[in-house]
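Worksheet: one structure, shown below.
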2 protein chains.
Amino acid sequence: MKPTIYDVAKEANVSIATVSKVLNNTGRISEKTKSKILQIMKELEYQPSSVATALTGKKTFTIGVLVPDIANPFFAEVARALENNAREMGYSIILCSTDYQLEREHDYLELLIKKQVDGIIIATEPKDLKKLRSLNDRNVPSVLFSIDHLAIDSHVVTTDDLKGGYLAGRYLIEKGHRDFVIITEPQRASGVLRVEGFKKALVDEGVDLEGVLVIEAKSKINEARKAANQILRLPKRPSAVFASTDLIAAIFINEVRKAGVSVPQDISIIGFDNTIHAEISDPGLTTIAQPIAKLASYTIEQLLDAIENPSIPPNRIMLAPTLIERESVRDLNK
Amino acid sequence: MKPTIYDVAKEANVSIATVSKVLNNTGRISEKTKSKILQIMKELEYQPSSVATALTGKKTFTIGVLVPDIANPFFAEVARALENNAREMGYSIILCSTDYQLEREHDYLELLIKKQVDGIIIATEPKDLKKLRSLNDRNVPSVLFSIDHLAIDSHVVTTDDLKGGYLAGRYLIEKGHRDFVIITEPQRASGVLRVEGFKKALVDEGVDLEGVLVIEAKSKINEARKAANQILRLPKRPSAVFASTDLIAAIFINEVRKAGVSVPQDISIIGFDNTIHAEISDPGLTTIAQPIAKLASYTIEQLLDAIENPSIPPNRIMLAPTLIERESVRDLNK
DNA sequence: CAGGTAAGGTTAAGCGCTTAACTTCACCGA
DNA sequence: TCGGTGAAGTTAAGCGCTTAACCTTACCTG
C-alpha cells in the first residue's frame, strides 16, 4: 500500500505532527530530525496525499478548464498554453469539452465544484448563465478566457476582437481593396466584435458598407466549403474576404483553388487566430494572431490572484492582437 | 460557505449517517425521510465533496492522461475521444502534456499519484521507465495508448501500426508505384513499425528495398519542409512518398506545389493518422486512419476494468487501421 | 404476552493530513 | 537556587464523508 504519514512517523519515532511540519516547512524541528524524516520519506517513496491535504481546508491545486472542443486547433493551443502556465505554478488542469452543449457545461460545472477545484477557466461561450453566476456565491473564482460576458461577474482576459477586426479591415484597405465579403460564425460574441471592428475600419476609411456581404458559417469543414462556394458563385466577386477563423480561411483557399481561382492573384483572404492552419496553408495565410501565450499567462495570473484573494473586484483585461503578414493578400497598389 | 453533509442533516433533523445513506442509496431509510432529505439537498444546493469521499477510500473518479503535446491535432483528437468516453463513465480527466521531456513525464506521474487518480493513460512514448513500472507496485492501473512497450507491464491498446504501414505499401503498389521514399519520425516505436510494415508490403510484392530511401523528420513544420525539399532535389524523383504522419504529408503537398510539381500527377503521397490536415489539404490526402474513437473506448474500458479488478493480467489490444482514399495518390495503371 | 424480527435510524471510529495549544527539558541570569 | 525562556516535540481536534455495529420501536407469532 501507499505509505501514509503514519508510516513515516513510526519509522522515524516521532509524531505525525512532526512529519507534517517538515512537509510544510513550518514550526520548529531540529536539523537532525528533519533530515532523518526526509531520508525516511525517500526510502518509503512517501508522497503526501493531496486528497487528505485538500480536506483540511487547503487548496486542491487543481483548476477546471472549460473549452468547447479540444480537437479544434485554437482551443488545443489554448489548453496547451494554460496547462503550461498552470503547471509552472504548481496547478494541474481538469479538461472539460462542452461540445457547445448547455447540458455538458452544466454537468461539468457541477463536477468541478464537487471536486473542489480552486478555480475555473471558461473558454467556451457560456450558456448556463445561472450556474456560472452561482460560482461567485460558492466562492469559486473564475476567469473568462477569450470571451466576454457582462452578465457574469468574473475576471475577463480576452483578445481585443474589435481591434482585431479593425486591423484586418485597415490592412485590406491599405492594400487597395474596396469590395469585401465577410464570413463569420453565427452567435458568437467574439465573431460579432470582429465583424464590427472590420466594418468600423471600412467606415473610417470611407468605404460604403452597403456592398459588404456577410455570410454565416460555423468553423467546420463543410460549412466553410459551402460559404466558399457561395462566394465563388457571386455575380460580382469581391476582391478580398475576411474570415473570422483560420479554418474557414484555409478551406476557402483550397476551395477557391479547386475552382481555378488563385489566391492572392484573383482574390485575397485574411483569417483570424493564427493557428497551424494559417501557417501550413498555401499560400501562407495572412491573419490576425491572438496572443495565446500571453492570454494564458494573464489568465492564470488573474485566477491565482482571485484564489488568493477572492474579494478583489473582477478585472477585464484586453490584449492586443497582431497582424501576421503572409501571402494571402494581394497588394493592389502595385 | 459550501454546505456540508452536516448542514443537510441538521436541517432534516437526522444524523449524517442517514444523509450519507441516501447519497449512496444504501441501507434502509423510509421513503418519507429520503424524499425529505433529497428535497433539502436541492434547496441548499448541496454537493457532496468528492475530496472527502475520496479520503474514505473510495475512488476519485479522476484519471490522468499523459500526452506529448495536446496542440498536436492527433493528440487533441485523442484527448477529446478519451475525455468523451471517460465522461460517460463518470470520470474526469487531468491533462498532462509532457512535451517529450523526461522530467515532465516524471513530475506529472508523481503528481498524479499524489492526487490519487484512479488510473493513468499513457499516450506518450514513455521515457521514465522506472517510474512507470513503479505504478504497478503502487497499484495504479495504467493503459498504454497507441504505443507499446514490452518493458512496461500495463494494458496496451494500440493501432496495428505494422499493418497500417503494410496497407499503405500495398495500396501504392496496387496503384502501380515502384519507386518510394519514406519520411518517418526518428526514435518513435510506432514510426518504426509503420516503416517496417510498409517495407514488408514491398517485399511481399517483390519490390527491391535497395532503392527505397528513408528520410527522418520530426512531425514539425520546418523539419517536414526540409524533408520535402530534400526529396524534390533528388536526382531520381520517386513516384510515391509514404509519410508517417499527416502533418508531414500535408506540408509535403504544399512544398511540392510551390516547386511547380503537382500532386498526384507528378508525385503521389500517402499519410498516416487521418487528422484534420488530411481532410482539408488540397488535394485531399489519402491516409491510414487510426481508429481513434474505438481506441479511446477500448482504452477507457480496459482502464476501468483494471481499476475494478487490479489483478487481471494486462491485455494487449491491437485495432486495425483503415485506408482512407482521397486524391493524393495517382493510379499509374490507367 | 414473552420473545423474535425487521424497519429505520443513530453512534462512533476512521480515512490522511493540518494546526493551535500544550508539554518537556535544557539552559540562563540574578 | 529558582523562575523564566526558548527550542523541539507531542496531543488532540477537526476537515466531510463512509460504514460496521448498535439501538429503538412497532409488529408478529405461537
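The sequence lines fix the lettering, A, B, ..., with proteins before strands; numbering per chain opens at 1.
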| request: Classify the side-chain pair A:N309/A:S311 by whether it contains a donor and acceptor separated by less than 3.5 Å. | output: yes
| field | OP1 or OP2 of D:dT18 under 4.0 Å from side-chain N/O of B:S20 | value | yes
| message | Rounding to an integer number of Å, can you tell me how far A:Q116 CD sits from D:dG16 P? | response | 8 Å
| said: Please enumerate all residues that pass ring pair (Phe, Tyr, Trp, His ring centres under 6.0 Å) together with A:Y108, with sequence neighbours excluded. | reply: none
Can you pull every protein N or O that's under 3.5 Å from an N or O on nucleotides 8-15 of chain D?
residue, atom, partner, partner atom, Å
D:dG9, OP1, A:S30, OG, 3.2
D:dG9, OP1, A:T33, OG1, 2.5
D:dG9, OP2, A:S30, N, 2.6
D:dG9, OP2, A:S30, OG, 3.1
D:dG9, OP2, A:T33, OG1, 3.1
D:dT10, OP2, A:S15, N, 2.8
D:dT10, OP2, A:S15, OG, 2.8
D:dT10, OP2, A:T18, OG1, 2.5
D:dT10, O4, A:K21, NZ, 2.8
D:dC15, O2, A:L55, O, 3.4

| remark: Atom CE of B:M41 and atom P of D:dG16 are separated, to the nearest Å, by 15 Å
Could you write out each protein N or O paired with an N or O of nucleotides 25-28 of chain C at a distance under 3.5 Å?
none

| Would A:K115 and B:S92 count as having a side-chain donor-acceptor pair, cut-off 3.5 Å? | yes
| Nearest-Å distance for atom pair NZ/C1', residues A:K115 and D:dG16 | 17 Å
| request: Report yes if the side chains of A:V143 and A:S154 come closer than 4.5 Å at any heavy-atom pair, otherwise no. | output: no
| Do A:R316 and A:H155 have side chains that get closer than 4.5 Å, going by heavy atoms? | no
| field | Rounded distance (Å) that lies between atom C1' of D:dG16 and atom CD1 of A:I113 | value | 17 Å
| message | Between B:D153 and B:R133, does any NZ, NE, NH1 or NH2 come within less than 4.0 Å of an OD or OE carboxylate oxygen? | response | no
| For B:K114 and C:dG16, what is the distance between atoms NZ and P respectively, to the nearest whole Å? | 17 Å
| message | Looking only at side-chain N and O atoms, does A:K59 offer a donor or acceptor that is under 3.5 Å from a partner on A:Y91? | response | yes
| Option passing salt bridge (charged side-chain N to carboxylate O under 4.0 Å, His left out) with A:R104 (candidates A:D69, A:D99, A:D128) | A:D99
